[in-house]
Every structure is written in structure tokens, then in C-alpha cells.
Amino acid sequence: MPEMTPDALRAFCDRPPQIVAPELIGATLMLAGAGGMIVETEAYASGDPASHSFSGQTSRNAAMFGRPASAYVYLSYGIHWCFNIVCQPGSAVLVRALESLTGFDEMAARRGVSDPRKLCSGPGKLCQALGIDISHNGLDLDGGVLRLMPGEGGFQLLCGRRIGITRAVEREWRFGLAGSPFLSRRFPATARQTPG
DNA sequence: AAAAAGATGGCCT
DNA sequence: GGCCATCTTTTTT
């Protein structure tokens, strides 16, 4: 597949997040020479009680209402940055885990670990590894600083309940690459999704 | 003005 | 599995 143009990337993201999230498994996310393959995502939809956008636009979540294929970054628990890919207005996909591909030494240094399984196996961890912070909030993902490159698809995926939320927990909007050792947590063996 | 919650992660047992 | 650091945003008084 030829690399997507910025317009194609925007169109790819300008759909409901629960559709985009599974298709992002296998995509590549890069920031300044560091990055890897997305192996775990979660969808947060418009009108979703678990989404930051549920009660309307605020200063924190404003980026969720920006351009599709831009970044929504927020601080979690006062400590960790979390990175989302903006989809349709008021919706986004949280990137929860990466399998590192390039820039390993740099990421390991920022994380203070050497075990590749501990490098990007969580939304806060991958932001620390790549150096993502609030300065990246709202940036387009088409290559200026951050680059998102959707993959070929065709992976065997797992899906299940989202992690760490208290509302709308029944929605199975967490997606992961089956068998990957780089997930933030194992999936309970629930639903299985075949290549698309 | 005050309080509680929160899309986490690391360390403890 | 449990505890809790840490602080911004949001909600409630």
C-alpha cells in the first residue's frame, strides 16, 4: 500500500471511532525517529458516557472537536500523558500500546527500562517513550512532527471491555493484536475478530 | 470556594 | 491484588 496522503489519512479517521480503532491495529506511529506499531486501542465515541467529550466541549477536550487525524493529548492522574487520534467530531481513539520498531535506545532511556515489553505497554508509557506531552495536543498526524501510517490490516484481533473506566463498561471497544506480548494487559478470551 | 474524580503506573505483599 | 503518588479538570456546595 502506498503511504496515505494527508487527505486520505483525514478521511480514514473521519469515521466513528469504534470503526477506526480496530483498523488502527498494525498502523505505525512515529515521533522524531522513535515509534512503533500500534497493537492496542480503545474507542471513545461522541455521546459515549465514558468519553471526555460526553458533557460537551471544554478547554481540556477541545482537541477532540478538531480535525480528524489530529492529536488529543491529556494528563491522566496528574502524572501520565495519554495520546488519542481524533476521529469524527467529539470522538477519538486512545492508543494504549505499541510494539517498538525504531528509536529503541532513545525510548528506553526516556522510560528508564530496558525490557521491550515494558517500553510502550500502556497509554502513559508510550507517551513517555515517544516524548509526547501537551505540546503535541492538536497537532496533525500527517508527518510534521507526529506521523501516523495506517497498515495493511488483515490481523487477527481481540476485543473486550475498555480498561480503567467506570461508565459504559459494557461496550467492547478495546481492540488488540491477538497474541501480541506488547499489550498493556491480556484480554479475557471473549470476542474474536477476523481479518478485515 | 471546596472537594472529588480520574481513559495510569510502579511498587508492595 | 492493593495502595497511592500527583494535579488538572470538573462537579458540587
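- Salt bridge present: Arg162(A) and Asp48(A) bring a charged side-chain N and a carboxylate O closer than 4.0 Å.
- Between Leu75(A) and Val113(A), the residue anchored closer to the 5' end of DNA chain B is Leu75(A), taking for each the nucleotide with the nearest heavy atom.
- Which of dG9(B), dG6(B), dT10(C) sits closest to the side chain of Pro123(A) comes down to dG9(B).
- The interatomic distance linking Arg161(A) (CZ) with dA7(B) (C1') rounds to 16 Å, in whole Å.
- Distance OH (Tyr77(A)) to C1' (dT8(C)): 13 Å, rounded to an integer number of Å.
- Regarding Ile79(A), its CD1 atom lies at a distance of 10 Å from the P atom of dG10(B), rounded to whole Å.
- Two different hydrophobic clusters hold Leu94(A) and Ile85(A) under the rule that ILVMFWY side chains link at heavy-atom gaps under 4.5 Å.
- Pairing for dA5(C) is with dT8(B), a Watson-Crick or G-U wobble pair whose two hydrogen-bonding atom distances lie under 3.5 Å.
- Atom-to-atom, NE2 of His80(A) to P of dG10(B) comes out at 7 Å; the value is rounded to the nearest Å.
- Looking at Arg60(A), its side chain never comes within 3.5 Å of a backbone N or O of Tyr74(A) through a donor-acceptor pair.
- Contact annotation: Arg111(A) reaches the phosphate of dG10(B) (side-chain N/O to OP1 or OP2, under 4.0 Å).
- dG10(B) atom C1' lies 19 Å from atom CZ of Arg117(A), rounded to whole Å.
- The side-chain ring of Tyr44(A) is stacked on the base of dA7(B), judged by centre separation under 5.5 angstrom and plane angle under 30 degrees.
- In the hydrophobic clustering of this structure, Tyr44(A) does not group with Ile25(A); members are Ile, Leu, Val, Met, Phe, Trp, Tyr whose side-chain heavy atoms approach within less than 4.5 Å, directly or through other members.
- Among the protein residues, Ile165(A) comes within range of the sugar-phosphate backbone only, with heavy atoms under 4.0 Å from sugar or phosphate atoms but none that close to a base.
- Proximity of Lys118(A) to the phosphate of dG10(B): no side-chain N or O atom is located under 4.0 Å from OP1 or OP2.
- Counting non-hydrogen atoms under 4.0 angstrom, Arg167(A) reaches nothing in the nucleic acid.
- Atom pair Asp48(A):CG and dG6(B):P shows a separation of 14 Å (rounding to whole Å applied).
- Atom CD in Glu42(A) sits roughly 15 Å away from atom P in dG6(B) (whole-Å rounding).
- Nucleic acid contact class of Asn84(A) (heavy atoms, under 4.0 Å, all strands): base.
- Spacing between atom CH2 of Trp81(A) and atom C1' of dT9(C) amounts to 12 Å, rounded to whole angstrom units.
- Residue Ser55(A) is classed as a sugar-phosphate contact, given heavy-atom separations below 4.0 Å to backbone atoms only.
- Using a 4.0 Å heavy-atom distance criterion, Arg162(A) is classed as making no nucleic acid contact.
- Counting only distance, with no hydrogens or angles, the side chain of Arg96(A) and the backbone of Glu40(A) share no donor-acceptor pair below 3.5 Å.
- Below the 3.5 angstrom threshold, one finds a donor paired with an acceptor across the side chain of Tyr74(A) and the base of dA7(B).
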Going through the checks in order, is the side-chain contact (heavy atoms from CB on, under 4.5 Å) test met by Phe155(A) and Val39(A)? CA-CA 10 Å; Phe155(A) 296 99; Val39(A) 297; over 6 Å; no
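- The same atom, C1', is picked in dT6(C) and in dT13(B); the two are 23 Å apart, to the nearest Å.
- Within the shown strands, nothing qualifies as a pairing partner of dT13(C) under the Watson-Crick or G-U definition with both distances less than 3.5 Å.
- Phosphate contact (OP1/OP2 of dT10(C), side-chain N/O of Thr58(A), threshold under 4.0 Å): present.
- Going from the C1' atom of dT8(C) to that of dC11(B) covers 24 Å, rounded to whole Å.
- dT9(C) and dG10(B) are spaced 24 Å apart, taking the C1' atom of each and rounding to whole Å.
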